[in-house]
Amino acid sequence: MPPPNPIKCNNVNSTPGCQLSNTYGVWGDRQICHAPNIVYPTTEEELRQELANANKNNLKVKVVTRFSHTIPKLACPGNSKESVFISTERYDTNIDVNMEELTVTADGGVGLRKLIDTIENAGLSLVAATYWEGVTVAGVISTGAHGSSWWGKGGAVHDHVIGLSLIVPAHEDEGYAKIIKLTRQDPLFNAAKVSLGLLGIISKNIFFDLITNSDVSIGAAFKRSVRFNFTNDSHIEDEIIKHARRNEFGDIQWYPSRHTACGFENTRNEGGKCTMASSFVAYKKLIANGYKNNKLMFTGYPVVGHQGKMQTAGSCLYSSPIDITTTCAWDPRINGLFFYESTAIFPFTKVGDFIRDVKKLRDLAKPESMCGVDIYNGFLFRFIKASEAYLGQDKDSVVLDYNYYRASDALTPRLNQDIWEEIEQMAFFMYGANPHWAKNRNVAFLEVQKKYPKFNKFVAAKNELDPKNMFSSEWSDEILFVKQEGLIKGDGCALEGLCICSEDRHCSPSNGYFCKRGLVYKEARVRILLKDVQMAKERRYISAPGGFIPKFGQFKLGFGSGNGTMDNASKSRSLRDQIMIPNVDSGARSRSPCNCFRANITTFENALLNERGGVGRSMQTIFINKGCQLSNTYGVWGDRQICHAPNIVYPTTEEELRQELANANKNNLKVKVVTRFSHTIPKLACPGNSKESVFISTERYDTNIDVNMEELTVTADGGVGLRKLIDTIENAGLSLVAATYWEGVTVAGVISTGAHGSSWWGKGGAVHDHVIGLSLIVPAHEDEGYAKIIKLTRQDPLFNAAKVSLGLLGIISKILGSRAERMKNLIERALFLSEYILLEYEISKHSENEFGDIQWYPSRHLACMYGYDNRVPLDTSGGGVNDFLGFQSNPILLSKYIRTHEKGFENTRNEGGKCTMASSFVAYKKLIANGYKNNKLMFTLDIR
């Protein structure tokens with residue numbers, strides 16, 4: 001289906017009139033925008049006559065298009081009943097290309113795609129254009145829309161305009177309206193270019209910078225060559241300016257939760273959300289984000305194509321009207337994507353520091369808090385040059401766009417909304433970024449008049465051309481002239497960006513959200529879910545977003561690192577993630593297996609808990625008075641009893657860890673260390689029934705990883721996740737020999753619970769046997785500060801006790817691992833053999849493979865052995881990965897389907913049903929090599 005028309009008129013009942021919506025179906029304030037009438041002129045003279053008629057009858061006027069892609073209510077005439085919409089939908093006929101002067105003149109209502117195609121068919125190219133083609137040329141000019149470039153006149157389309165016609169109100173003796181033609185020499189030209197529809201009606205535009213290519217035949221125009229480069233985001237703040245200057249049309253997409261930046265090299269030749277974000281980023285990488293080599297599909301880089309096809313896109317605009325299965329993803333008729341779009345424009349000198357502060361916020365709040373933006377386009381950076389337009393940018397600038405979830409209900413708080421509010425306020429107030437005129441929530445425009453040096457000149461031009469304020473409304477005034485004291489502050493106003501909270505009632509106190517300071521930008525005022533009002537419904541861990549729950553004995557998951565590991569530091573890591581709420585004083589936010597201080601639970605979660613029996617049968621058993629509840633990753637402990645403590649703390653350094661343990665010792669508290677994973681099945685991380693206890697989480701103690709290239713060792717904070725450790729070591733050109741199969745664990749958790757991989761070679765598959773030193777924080781006497789750090793090496797008597805200590809000796813704060821090596825693995829083939837061969841095979845013989853293991857399926861009389869699983873030289877070709885089937889993210893409905901059928905087979909004692917399911921699973925595992933992939937995408941043949 002093509003997008004719906006944004007105008008809907010009703011001339012049947014007693015209150016005729018027309019209602020305007022934007023393309024998303026809902027304005028920022030969720031209020032209706034309407035006018036009693038709409039007219040559809042088809043020529044420039046008819047446009048003039050309609051404005052004259054409105055002027056003569058003292059009507060407010062707003063010009064509307066068939067696209068309506070503006071987010072602020074600039075197109076709304078206000079609440080006046082004396083108003084009219086003038087639509088340019090049918091004023092889209094004339095496009096005149098001047099081959100001698102290399103210019104084009106177009107009607108204001110012409111769509112961008114029609115303009116581009118006409119120019120390309122004449123053998124020319126339009127240098128600057130927007131990425132989205134569902135706009136009109138007048139709309140692009142009047143809102144400052146842009147592409148991305150610092151070359152030539154830059155990426156803003158209005159800076160490539162050399163003339164325009166403007167229809168403005170006039171006196172009676174001038175026919176109530178007149179057409180004025182403006183060129184670059186006219187004083188009003190720079191006011192009219194980015195005029196927000198407030199000066200008059202742009203009826204004609206003259207573009208220049210139409211480029212021909214003498215080396216190719218007429219009609220070829222110039223082409224572009226595009227390649228995406230996905231890299232780590234470690235130095236994005238230092239590289240962004242270089243990237244802009246190096247690539248004529250370059251942009252950068254930054255996915256903060258993935259620590260990934262995608263450079264658009266272009267020249268003229270949180271559980272569930274993070275899984276979704278990871279999938280989306282991977283899919284975009286797979287299909288080059290929509291670029292196609294042959295108009296049908298992406299086959300490889302570089303992608304080379306005509307400028308008009310490479311710069312601008314919008315194929316969903318042309319969906320078949322008879323095909324009700326496809327449409328634009330945000331089409332309001334399908335209840336599809338519904339999001340905010342914030343766009344901040346920075347002077348290029350400030351964007352690096354802004355990125356650094358966003359990274360600080362990410363690391364304080366944890367990367368998963370930013371998965372919501374990565375589901376869309378991450379942070380998209382584009383580039384525009386300084387403009388002479390009064391409401392354009394006065395310096396070369398970097399434009400940041402990002403989309404994030406908007407709730408269907410205005411009073412429903414959003415996940416991690418404190419993070420997005422802090423970034424929003426950091427951008428517009430801490431760094432003084434300018435808002436994009438056609439995007440953003442209302443708060444972004446606060447005090448905007450102070451940000452444009454020529455703002456007063458624009459206002460003077462407005463007063464000259466529209467002295468009766470025909471084109472103004474309370475909505476446009478709200479954007480242009482709003483000040484802090486002018487914001488309308490009511491209950492819940494901060495939820496939709498209509499205000500910045502200054503009182504708790506501006507947030508959603510009934511849902512546990514209150515107005516607090518930001519984590520990095522301390523002047524920010526954001527809605528935060530406080531520890532003493534944490535809601536059980538935020539416990540993402542209950543829904544088991546990882547998909548199939550591993551049912552293999554080797555995956556004994558523990559307190560902190562996840563894979564059967566549990567040291568104090570690990571516990572702190574697992575528990576930290578288990579705890580969805582932070583200590584109020586630490587500014588922590590919740591997202592772990594621990595839920596603090598509230599007895600609310602969603603229907604879905606309650607049903608899941610009820611299904612598992614015990615824990616969740618009634619809301620009263622979820623939380624006892626105040627406190628934090630810890631569960632393991634499966635949501636239920638072995639005894640189905642609650643595990644809780646009155647409080648939780650989130651240290652970020654080794655010294656803070658020591659201080660928290662000292663405080664607990666001084667106050668005679670029981671201590672358990674928890675992590676963000678909580679994969680241990682026994683209740684080792686539970687402090688018991690004592691009310692005098694505390695959880696110490698290592699969720700935020702996960703910063704330092706030091707690789708020593710000379711000694712081939714690595715030292716890491718106890719709360720560091722295994723995947724982060726592995727990636728850091730691999731990026732250094734080394735490999736971690738021993739690791740668990742499941743990566744949702746912390747390094748201290750792995751050590752303390754004896755977690756392992758599989759090997760009899762060298763020091764074997766147990767990770768703790770590759771540790772040569774660790775730091776342990778233990779209780780101490782008063783004269784030692786109630787807690788102390790002891791450093792243990794292999795020579796110390798306590799070292800072997802501390803390695804697999806189950807969190808019972810102290811808090812493992814640092815781990816020193818030995819012999820990081822340079823290696824690749826080669827799995828030559830997976831052999832599915834009869835179990836009789838397995839019996840004769842002698843399991844010990846299988847140890848000939850350094851990393852070999854065996855999976856035995858007794859009901860199928862089968863055993864699976866990797867025929868060759870050893871290290872090979874680094875220069876061996878191959879980029880295979882292990883995406884083990886049991887650890888993949890699966891559709892919720894699929895997981896529920898499997899569980900429902902398994903439960904049904906149990907209840908009906910249906911062994912045959914289980915065997916059929918088992919047979920299907922084994923066959924599927926065999927088909928896909930149990931998740932091994934040759935090229936990071938799929939299994940093809942031998943894994944290399």
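- When only modelled atom types and interatomic distance are considered, Q393 and S387 share no side-chain donor-acceptor pair under 3.5 Å.
- Rounding to the nearest 0.5 Å gives a distance of 10.0 Å between NE2 of H69 and OG1 of T130.
- Cation-pi geometry between R382 and Y131 is met: the NZ or CZ atom falls under 6.0 Å from the ring centre, inside 45° of the normal.
- The heavy-atom pair separating R406 from G28 by the smallest distance is NH2-O, 3.2 Å.
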Report the C-alpha separation of S813 and Y701 in whole Å, then their side-chain angles, then the decisive distance to 0.1 Å, and conclude whether the side-chain hydrogen bond (donor to acceptor under 3.5 Å, both in side chains) test is met. CA-CA 9 Å; S813 58; Y701 177 55; 4.6 Å; no

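- Looking at residues two or more places apart in sequence or on another chain, you find no disulfide bond (SG atoms under 2.5 Å apart) involving C507.
- Side-chain atoms of N440 come within 3.5 Å of backbone atoms of H436 as a donor-acceptor pair (strictly under, hydrogens ignored).
- A salt bridge links D159 to K193: at least one charged side-chain nitrogen sits closer than 4.0 Å to a carboxylate oxygen.
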Run the side chain to side chain contact (heavy atoms under 4.5 Å, CB included) check on V399 and I384 step by step: do they pass? CA-CA 7 Å; V399 184; I384 58 176; 3.8 Å; yes

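- Under the 4.5 Å side-chain criterion, counting only non-hydrogen atoms from C-beta, N469 is not in contact with D477.
- Annotation: salt bridge (Lys or Arg N to Asp or Glu O under 4.0 Å) contacts of K359 (sequence neighbours excluded): E237.
- In this structure, the side chains of I241 and V351 come closer than 4.5 Å at one or more pairs of heavy atoms.
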Could you go through L196 and L480, starting from their C-alpha distance and side-chain angles, then the distance that decides it, and tell me whether this counts as side chain to side chain contact (heavy atoms under 4.5 Å, CB included)? CA-CA 10 Å; L196 314 182; L480 275 179; 4.1 Å; yes

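- Taking E655 as the reference, T653, R658, Q659 meet the side chain to side chain contact (heavy atoms under 4.5 Å, CB included) condition, with sequence neighbours excluded.
- Residues passing the ring-ring contact (aromatic ring centres under 6.0 Å, His included) test with F379 are W254, Y402, sequence neighbours excluded.
- For S476, the side chain to side chain contact (heavy atoms under 4.5 Å, CB included) partners at least two apart in sequence or on another chain are K62, L74, L198, S472, S473.
- Note that R700 lies in the cation-pi zone of Y650, set by a 6.0 Å cut-off to the ring centre and a 45° limit from the axis.
- Between I479 atom CD1 and K73 atom NZ the span is 10.0 Å, to the nearest 0.5 Å.
- Counting heavy atoms from C-beta outward, E654 and I777 have side chains that approach closer than 4.5 Å.
- For W150 and F348, the distance between ring centers is under 6.0 angstrom.
- Of the candidates W437, F445, Y390, W437 is the only one forming a ring-ring contact (aromatic ring centres under 6.0 Å, His included) with Y452.
- In this structure, K462 and L199 approach most closely via the heavy-atom pair CA-CD2, 3.3 Å.
- For T703, the side chain to side chain contact (heavy atoms under 4.5 Å, CB included) partners two or more places apart in sequence, or in a different chain, are D717.
- The line from CG of N442 to CG of L498 is 5.5 Å long, rounded to the nearest 0.5 Å.
- Of the possible polar contacts, one joining the S397 side chain to the K395 backbone as a donor-acceptor pair under 3.5 Å is found.
- If you take CE on M430 and CD on E424, they are separated by 15.5 Å, rounding to the nearest 0.5 Å.
- Put simply, the side chain of I696 reaches to within 4.5 Å of the side chain of P651, judged on heavy atoms.
- Side chain of N667 to backbone of L669: no donor-acceptor contact under 3.5 angstrom is found.
- Residues N22 and S68 bring no donor and acceptor atom of their side chains to less than 3.5 Å of each other.
- With sequence neighbours left out, H158 forms a ring-ring contact (aromatic ring centres under 6.0 Å, His included) with no residue at all.
- Salt-bridge check for R441 with E496: failed, with every basic side-chain N at 4.0 Å or more from each acidic carboxylate O.
- The heavy-atom pair separating G139 from T143 by the smallest distance is O-OG1, 2.8 Å.
- The 12-atom threshold is not exceeded at CD of E388, counting heavy atoms of other residues, nucleotides or ligands nearer than 6.0 Å.
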Residues 517-524, side-chain donor-acceptor partners within the protein, below 3.5 Å, at least two apart:
unit_1 : atom_1 : unit_2 : atom_2 : d
R517   : NH1    : K522   : O      : 3.1
K522   : NZ     : L519   : O      : 2.8

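- Listed by chain and residue number, nothing satisfies the ring-ring contact (aromatic ring centres under 6.0 Å, His included) test with W475 (two or more places apart in sequence, or in another chain).
- You'll find the side chain of C76 reaches within 4.5 Å of the side chain of W27, heavy atoms only.
- I71 pairs by the side chain to side chain contact (heavy atoms under 4.5 Å, CB included) definition with Y24, E341, K439, not counting sequence neighbours.
- Contact between K451 and P453 at its shortest, heavy atoms only, is O-CD, 3.6 Å.
- Inspection of the N190 and K457 side chains reveals no N or O donor paired with an N or O acceptor under 3.5 Å.
- Side-chain atoms of R505 do not come within 3.5 Å of backbone N or O of F514 as any donor-acceptor pair.
- Residues V526 and C515 fail the side-chain proximity criterion, which asks for heavy atoms closer than 4.5 Å.
- Rounding to the nearest 0.5 Å places OG1 of T343 at 3.5 Å from CG of D401.
- In this structure, CH2 in W420 is found 10.5 Å from CG in N403, a value given to the nearest 0.5 Å.
- Between Q417 and Y405, the side chains place no donor N or O within less than 3.5 Å of an acceptor N or O (distance only, hydrogens not considered).
- Looking at I252 and I240, their side chains come closer than 4.5 Å, going by heavy atoms from C-beta outward.
- A salt bridge is defined here as a Lys NZ or Arg NE, NH1 or NH2 lying under 4.0 Å from an Asp or Glu carboxylate O, and K360 with D363 fails to meet this definition.
- Contact annotation: the side chain of V671 approaches that of L661 to within less than 4.5 Å [non-hydrogen atoms, C-beta and beyond].
- In this structure, D251 and F383 approach most closely via the heavy-atom pair CA-CE1, 3.9 Å.
- Not less than 2.5 angstrom separates the SG atom of C493 from that of C501.
- Under the rule for a ring-ring contact (aromatic ring centres under 6.0 Å, His included), the partners of F455 that lie at least two apart in sequence or sit in another chain are F481.
- In this structure, the side chain of H243 does not engage the main chain of E239 through any donor-acceptor pair within 3.5 Å.
- A salt bridge links D238 with R356: the closest approach of a Lys/Arg side-chain nitrogen to an acidic carboxylate oxygen falls below 4.0 angstrom.
- Side-chain atoms of E656 come within 3.5 Å of backbone atoms of T652 as a donor-acceptor pair (strictly under, hydrogens ignored).
- Defined by atom type and a distance below 3.5 Å, a donor-acceptor pair is present between the side-chain atoms of D357 and Y431.
- Remark: E660 engages no residue in a side-chain hydrogen bond (donor to acceptor under 3.5 Å, both in side chains) (not counting sequence neighbours).
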